[in-house]
Amino acid sequence: MKDTIPVGIDALAFSGPAAYVDLADLATARGVDPAKFTKGLGQHRMAIASPCEDTVTMAVEAGARAIEAFGIDPAEIGTLIVGTETGVDHSKPVAVYVHDLLGLNERCRTFETKHACYGAMAGLTSSMDWIASGRARGRKALVIASDIANYGLGTPGEPTQGAGAVAMVVSEQPRLLEIQPASIGDYTRQVMDFWRPLYSKYALADGQYSIQCYLDALASAREDAVGARPDLLGGLQACLYHVPFVKMAFKAHQRELEMELGQAISKDEAEPWQRLQDSYARRCAPWLTLNAEIGNIYTGSLFLSLIDLLRKAGGQLAGERISLFSYGSGCGATYCLATIAAQAGEWQGRIDPAAELEARRRLSIEEYENMVRAGEQADRQQNLAPADFGLSGGLYYTGTRDDRRHYERI
Ligand code: HMG
């Protein structure tokens, strides 16, 4: 099928918390071999949000960066969608705070999407449909993924936490990535693999089952997208996945290769195992550095991997085809094909969050645990001082007074 309108990602930016936990420190504190976290899960650090850094503040910072770095006029934004599973209110969407704090045009369609980690992909494809339908009338969409992954102290999910936001501007003639609408495949199934009851700040997960659900969703969404293609990977320069932890991308890539070979791959069979290692080393591993440094940012995890690819190889891979797979527990998934835009290389430096990551503060495990406990009370605190968490020079949540959340630029 021929795609008529080139639609896709025109601008990208990341923003995350100012502090992190080193997983070797966490492993020591929990009495676990550090190799389980670093090699077994593939994670090195996880970003930790203080009570003053929430879904709104991270989304605004990421959105402002995307708009500014790519020279976009905020008046051109006609749709704003925030994908999140870390809402700040049962009714009011994060997106409307973000709309205000970014100073966007009032003539803008604004809403929040929730489907675990799938919310931003839902926003991205909806905004593509909005453009393709002609309703955008030349305007652009701003889609922001913003989340804080909290599993609770001492849980199996604890080393797979993280926090951060990725903002994407979606438009015709995109400067970074063209997404082929006819290649989009979807999947939905009611499963209890991961969820967060209304009474809980912490996610609950049936961890091993969630991995199976993810892999089943990948297989079905891929088949819906491209059918039973035994030769797809050969034409792809990169395969990007939702990354709850880096090892999950390896498992996902293994499943895709198994589908193409029509056989299970195990370490005992040298040839297919080596083929998997080579394909993973070329198509996946180079683009997982940010995920290993930041952790699971839920809705933004797939797009963090995209930022990693574009900041390292946007120019070199211009014109090349890649795949993207988004998974949200519960569950929903999308698999699609995309082409790196011809001018992507010109923007490599603008999307690189290396300096922000370099400036982060390493928390001791005691500081981290205190931060988590303070976070439990944050929604009820009247006055929060960013300086108490070592924060300055940004937009922060400073407490809930008169039942209203307050945000201040310090
Ligand atoms: P676990 O069960 O404690 O870990 O927690 P494990 O025993 O499975 O070990 C993990 C890996 O480390 C294994 O590797 C071990 O062999 C290895 P594998 O066999 O899988 O290749 N290992 C070691 N390696 C080296 N040296 C050692 C060592 N010891 C063990 N000494 C689990 C793992 C992922 C289940 C847990 O962290 C968890 O529950 N995480 C949260 C759920 C999750 O991330 N699920 C992923 C799929 S669902 C999804 O992606 C959606 C999600 O993002 C939410 C959303 O949609 O909103 C989560």
Side-chain angles (χ1 to χ4, degrees), residues 23-24 26-28 30-44 46 55 83-87 113-122 145-164 166 187-197 200-219 221 240-255 264-267 273 276-277 280 288 291-292 294-305 325-335:
L23 287 191
L26 184 68
T28 306
R30 300 288 177 257
V32 172
D33 179 355
K36 175 173 177 183
F37 294 167
T38 54
K39 293 202 171 70
L41 297 174
Q43 293 302 125
H44 294 286
M46 58 184 189
T55 313
T84 184
E85 54 180 296
T86 327
T113 51
K114 182 180 77 178
H115 188 152
C117 297
Y118 181 68
M121 179 54 103
S146 186
D147 272 304
I148 299 170
N150 273 331
Y151 288 91
L153 302 177
T155 60
E158 187 181 28
T160 66
Q161 297 177 133
V166 174
Y187 173 81
T188 298
R189 188 157 68 98
Q190 206 294 98
V191 291
M192 293 302 287
D193 65 328
F194 164 106
W195 65 104
R196 186 161 68 85
S200 178
K201 278 250 175 213
Y202 300 110
L204 305 178
D206 187 341
Q208 300 300 336
Y209 178 56
S210 72
I211 293 172
Q212 281 316 312
C213 292
Y214 175 118
L215 294 174
D216 290 349
L218 168 62
L240 308 184
Y241 300 99
H242 167 56
V243 189
F245 52 93
V246 163
K247 177 68 95 46
M248 192 69 229
F250 179 81
K251 293 176 191 289
H253 200 60
Q254 177 170 356
R255 174 60 68 93
I265 300 174
S266 87
K267 276 185 188 153
W273 183 253
L276 171 61
Q277 300 296 324
Y280 177 78
L288 292 164
N291 298 89
I294 295 166
N296 191 357
I297 59 167
Y298 288 161
T299 44
S301 289
L302 164 66
F303 304 103
L304 199 52
S305 190
F325 173 67
S326 169
Y327 176 77
S329 281
C331 72
T334 285
Y335 186 100

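Each ligand, and each atom within it, is numbered from 1 in the order the structure gives. Scope of the values below: all heavy atoms of this structure, side chains included, with no hydrogens, waters or symmetry mates.
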Atoms of ligand 1, numbered as shown, that sit under 4.0 Å from any heavy atom of [X]:
{"X": "A116", "value": "55 (C), 56 (O), 57 (O)"}
{"X": "C117", "value": "52 (C), 53 (O), 54 (C), 55 (C), 56 (O), 57 (O)"}
{"X": "F245", "value": "34 (C), 44 (O), 46 (C)"}
{"X": "K251", "value": "18 (P), 20 (O), 21 (O)"}
{"X": "G157", "value": "37 (O), 38 (C), 40 (N)"}
{"X": "Y214", "value": "50 (O)"}
{"X": "K247", "value": "14 (O), 18 (P), 21 (O)"}
{"X": "H242", "value": "49 (C), 50 (O), 51 (C), 52 (C), 53 (O)"}

Keeping [X] on the side-chain end and [Y] on the backbone end, is there a donor-acceptor pair under 3.5 Å?
{"X": "Q254", "Y": "L276", "result": "no"}
{"X": "D193", "Y": "G330", "result": "yes"}
{"X": "S305", "Y": "S301", "result": "no"}
{"X": "D147", "Y": "A163", "result": "no"}
{"X": "T55", "Y": "T86", "result": "yes"}
{"X": "K114", "Y": "T84", "result": "no"}
{"X": "R196", "Y": "N150", "result": "no"}

Among protein heavy atoms, which lies nearest [atom], and at what distance?
{"atom": "atom 50 (O) of ligand 1", "answer": "P244 CG, 3.1 Å"}
{"atom": "atom 51 (C) of ligand 1", "answer": "S329 OG, 3.2 Å"}
{"atom": "atom 2 (O) of ligand 1", "answer": "Q208 NE2, 3.0 Å"}
{"atom": "atom 11 (C) of ligand 1", "answer": "G40 O, 3.5 Å"}
{"atom": "atom 57 (O) of ligand 1", "answer": "E85 OE2, 2.4 Å"}
{"atom": "atom 33 (C) of ligand 1", "answer": "L41 CD2, 4.1 Å"}
{"atom": "atom 7 (O) of ligand 1", "answer": "K36 NZ, 3.8 Å"}

Counting only non-hydrogen atoms of the protein, does one fall under 4.0 Å from [atom]?
{"atom": "atom 20 (O) of ligand 1", "value": "yes"}
{"atom": "atom 15 (C) of ligand 1", "value": "no"}
{"atom": "atom 25 (C) of ligand 1", "value": "yes"}

Roughly how far apart are [X] [atom1] and [Y] [atom2], rounded to 0.5 Å?
{"X": "D33", "Y": "K36", "atom1": "CG", "atom2": "NZ", "result": "9.5 Å"}
{"X": "M46", "Y": "I294", "atom1": "CE", "atom2": "CD1", "result": "13.5 Å"}
{"X": "L240", "Y": "L288", "atom1": "CG", "atom2": "CG", "result": "8.0 Å"}
{"X": "H115", "Y": "C331", "atom1": "NE2", "atom2": "SG", "result": "6.5 Å"}
{"X": "T160", "Y": "Q43", "atom1": "OG1", "atom2": "CD", "result": "8.0 Å"}
{"X": "T113", "Y": "M121", "atom1": "OG1", "atom2": "CE", "result": "12.0 Å"}

Is E158 in contact with ligand 1, taking contact as a heavy-atom separation below 4.0 Å?
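No; E158 lies far enough from ligand 1 that no heavy-atom distance drops under 4.0 Å.
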From the options [options], select the one whose nearest heavy atom is closest to [atom].
{"atom": "atom 58 (C) of ligand 1", "options": "F37, Y151, Y241", "result": "Y151"}
{"atom": "atom 40 (N) of ligand 1", "options": "L215, T38, V243, T160", "result": "T160"}
{"atom": "atom 5 (O) of ligand 1", "options": "G328, P156, A333, G207", "result": "P156"}

Any N/O pair [X]/ligand 1 closer than 3.5 Å:
{"X": "P159", "result": "no"}
{"X": "S210", "result": "yes"}
{"X": "N296", "result": "yes"}
{"X": "D193", "result": "no"}
{"X": "D33", "result": "yes"}
{"X": "I211", "result": "no"}

Using side chain to side chain donor-acceptor pair (under 3.5 Å), reason through H253 and Y241 one step at a time and then give a plain yes or no.
CA-CA 9 Å; H253 200 60; Y241 300 99; 2.9 Å; yes
Matching residue for Y327 among Y214, Y298, Y187, Y335 - test: ring-ring contact (aromatic ring centres under 6.0 Å, His included)
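Of Y214, Y298, Y187, Y335, ring-ring contact (aromatic ring centres under 6.0 Å, His included) with Y327 is met by Y214 alone.
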Looking at A333 and Y118, what are the two nearest heavy atoms and their distance?
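Looks like C-CE1, 3.7 Å.
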